[in-house]
There are 2 protein chains.
Amino acid sequence: MGVHIGIDLGGTNVRVASVTENGEVEEIMQEATEAEQGSRYTIEKMIRMVESISEGKEIEGIGIGAPGPLDPTRGVILDPPNLPGWDEVPIVKHFADHFDVPVQLNNDANAAALAEARFGSGEGYESVFYITVSTGVGGGLVLNGKVLNGVQGYAGEIGNMILNPHGYQYSNLNKGALESYSSGTAMAERFHEHFGSYGGAEDVFSLVSQGDEKAQRIVDEAIEYLAMGIANITHIVNPDVFVLGGGVMNAGELIWVPLRDRLEDYLYPGLVPHINLKPAALSGEAGVIGAALLPQQ
Amino acid sequence: MGVHIGIDLGGTNVRVASVTENGEVEEIMQEATEAEQGSRYTIEKMIRMVESISEGKEIEGIGIGAPGPLDPTRGVILDPPNLPGWDEVPIVKHFADHFDVPVQLNNDANAAALAEARFGSGEGYESVFYITVSTGVGGGLVLNGKVLNGVQGYAGEIGNMILNPHGYQYSNLNKGALESYSSGTAMAERFHEHFGSYGGAEDVFSLVSQGDEKAQRIVDEAIEYLAMGIANITHIVNPDVFVLGGGVMNAGELIWVPLRDRLEDYLYPGLVPHINLKPAALSGEAGVIGAALLPQQ
């Protein structure tokens, strides 16, 4: 039995792991992505990492989780904001040519969704909607153990969901998009507007626990919009469970208690008793574990 | 080979049809629902209609499309606004006890979605999102020929999708819900506000074609919100095709041209060339055809 390789390609770091059939990380290594050196440079580095971690073993398959937009069918990274200069990169072809094994590409949130659905908080459920609230807001729907990619691979791009046509607008997102309210980046923007200095989501939560009212309003708004987003997903696909991960969700009951509370107001009464929100279980390893699962789908 | 029976139970009329394996209506009959007489009265009427249409033939299965909310798993109609007084009605049990054949219940939009996906404008696509814009706004997602019900049967309840937290609110819908902007009922409300008299969506469109600016604003707003709703569904499930039916969609290019135009603004650029919006093909018969398909799923 050979090894299953999972690669989590991020804007800052790239991680490569060998993962067992049961979703356990056997060996893992991490290096800086250095995306600015160009895709060829980074891909060669990734290939060396895979060779090192699989030394003396047969590779069963390689899965790559990467920032979107990308095309999972063609195996091509399009032009992700987090990998500047990477434009139409046929990453799957590079790995398939070199290793001659099955190689699959999907976006990082879909990979994490798959890991949580199979071996994390979504284990045992038929339909799992994974949401990551971090620098951005992303997600992925897993139905009967398979990721729903959507026809152009845009399923789960929930950060761009419109919740307020007169709302905030950032970068290439829609006006009033979920990510412009509930992401760590949005909370940091609000922090700067309210306090004049720079801080991240963790600073906002720290001020909230000290009773700061301005910080509380920032959190309230982030939670309000996240609740609306979850309500909308419920009224579209009504999954068995929502699994929520990402740095912002680590704020504990400061976020989980009011989130459940606000969500109830936005659901048809028949749905309220069945709300099932769970914290992600695999934390930082969901990316590599899910990536390793991609070629096995 | 026996007959497949489809029942379309509406607030006003109930229709019963025998439908071929190829989705063609062989025979169809219609009577008034008379929901106010109570569920037992109407169910007995429906049973007589099924007996009449299947006379001398064996029944393969019976499918019922009904207004939501309902529980497709238990086969129970909950408390739909369009069937006042029908509270926890075990309609599947009534038919199964009487006919001793497989009986399935689903909501009317899901039944129509199934029909359009199998024999209508969604034929040949892997994932079809059907939207009906009529008195209300509803929908259904069909993946590989199967309706996605969701865990409590609320998948496709897109009329309740929040698009504006400061928007209009009607009945038990969320504030700023899609249905409060884009449904025929919403357009009629706006008509009354703007013109002081009563009129429906068709009156609004008629005024638009005469160049009336107030009516144009009503239509613009309805289309704007429908475009936002479709964009949100795209960024969540990214279906191969959207099939749009219901009375409001019959307004021709007054609605289709600006709808495609507005939608482009709300999608990630990579999605724009692939927008696939199609008018429903089965019109009034999608309900009974889809219902007849339910037990065959």
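Quantities reported herein were computed from a predicted structural model and do not represent experimental measurements. Just so it is clear, the values below take in all heavy atoms, side chains as well, and ignore hydrogens, waters and symmetry mates.
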| query | Under 4.5 Å, heavy atom to heavy atom, which residues of residues 140-148 of chain B contact chain A? | reply | B/L141, B/L143, B/L148

| Most heavy-atom pairs under 4.5 angstrom with chain B, which of A/I158, A/D240, A/L271? | A/L271

[X] versus chain A, the contacting section by heavy-atom distance below 4.5 Å:
X	answer
B/N149	backbone
B/Y125	neither
B/P69	neither
B/N174	side chain

| Can you tell me how far CD1 of B/I162 sits from NE2 of A/H235, rounded to the nearest 0.5 angstrom? | 8.0 Å

| message | How long is the straight-line distance from CG of B/L173 back to OH of A/Y268, given to the nearest 0.5 Å? | response | 4.5 Å

Among [options], which residue has the highest count of heavy-atom pairs closer than 4.5 Å to chain A?
options	value
B/Y154, B/Y266, B/F129, B/Y225	B/Y154
B/Q152, B/M228, B/E126, B/H166	B/Q152
B/V151, B/V241, B/N164	B/V151

| request: Please indicate whether A/E213 has more than 12 foreign heavy atoms, meaning atoms of other residues, nucleotides or ligands, lying under 6.0 Å from its CD. | output: no

| said: Considering only residues two or more places apart or on different chains, which pairs with a residue in residues 264-276 of chain A satisfy salt bridge (charged side-chain N to carboxylate O under 4.0 Å, His left out)? | reply: A/R262-A/D265

